[in-house]
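This report refers to the structure that appears directly beneath it.
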Amino acid sequence: MSSEESPDLSTAIKLLANAIIGALIGCFIAAAYLVTTPVMEVTFLPDQIEPAMHYVLKGRTAGGDSWKYKATELQGGKSEVTFLETDMNRWASSFSTDYPEEKPSIYLEPQRPIFRLEGDKLLISAAAETGFGAWHKLVILSLEGDFVPDAGALQVEPDKFYIGSLRLPGPVKDFVWKRISRAYILDDEFQSLWSSIESANIHESQLILTAK
């Protein structure tokens with residue numbers, strides 16, 4: 001092959017750049033498709049599961065204020081108290097958010113979280129408004145994780161995190177979750193309770209809180 005027939009360095013760089021851009025566009029389209037693909041919110045997994053469907057186990061939200069009495073017991077000196085997911089979702093009903101009226105070009109604004117205790121797993125889901133330019137849509141966020149100590153307080157650390165049907169990879173998952181979790185404003189009563197807890201363990205669909 002003569003030198004005239006061999007592609008020069010500039011042509012090779014252009015081909016490589018075009019390939020990279022094409023791959024990035026393909027990844028963006030695939031991600032957008034998964035984000036906008038509807039998920040199935042259920043209280044129990046059906047006997048026949050559709051392989052392509054992402055199922056979100058939704059927690060029970062009905063319940064009274066028994067969590068307040070349990071919190072009083074914990075703060076009053078009781079070393080261990082057991083909470084149900086209905087107690088946790090009564091907590092969550094006091095959470096609030098403060099989003100700006102003027103939206104940025106890309107945004108994700110989750111609403112009230114719903115907790116689910118499934119065996120030894122912590123599941124959380126929330127509806128979220130998302131936007132990209134002039135495009136707006138309501139999607140479902142969902143995660144599976146656990147409580148871990150962080151800077152003297154317990155935090156939720158996700159093992160899996162989804163936006164719609166899109167599962168976020170590790171570094172992206174951690175970045176997005178930190179931004180989302182900071183958006184919630186917790187009332188003083190909840191913060192006082194949470195600061196008095198040493199550990200939170202999930203066992204047989206119950207949350208066992210141990211005081212400091």
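- Here the closest non-hydrogen pair linking Q111 and Y99 is NE2-CE1, 4.3 Å.
- Side-chain contact between E80 and L209 is absent, with no heavy-atom pair separated by less than 4.5 Å.
- A pairwise comparison of heavy atoms in D159 and R167 identifies O-NH2, 4.0 Å as the closest pair.
- For the pair E109 and K103, the salt-bridge criterion is met [side-chain N within less than 4.0 Å of a carboxylate O].
- In this structure the side chain of T86 never reaches within 4.5 angstrom of the side chain of T61, judged on heavy atoms.
- For E73, the salt bridge (Lys or Arg N to Asp or Glu O under 4.0 Å) partners are K78, not counting sequence neighbours.
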Could you pull out all donor-acceptor pairs under 3.5 Å where a side-chain atom in residues 112-125 meets a protein atom, sequence neighbours excluded?
| residue | atom | partner | partner atom | Å |
| --- | --- | --- | --- | --- |
| R112 | NH2 | N89 | O | 2.9 |
| R116 | NE | E118 | OE1 | 3.1 |
| R116 | NH1 | T43 | O | 2.8 |
| R116 | NH1 | K58 | O | 2.9 |
| R116 | NH2 | T43 | O | 2.9 |
| R116 | NH2 | E118 | OE1 | 2.9 |
| D120 | OD1 | E204 | N | 3.3 |

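- Looking at Q155 and F147, their side chains never come closer than 4.5 Å, going by heavy atoms from C-beta outward.
- A128 and L108 make their closest contact through CB-CD1, 4.0 Å (heavy atoms, listed as atom of the first residue, atom of the second, distance).
- Formation of a donor-acceptor pair under 3.5 Å by the Y107 side chain with backbone atoms of E129 is not found in this model.
- Between P110 and L141, the closest heavy-atom pair is CB-CD1, 3.7 Å.
- Looking at E144 and Y162, their side chains never bring a donor and an acceptor atom within 3.5 Å of each other.
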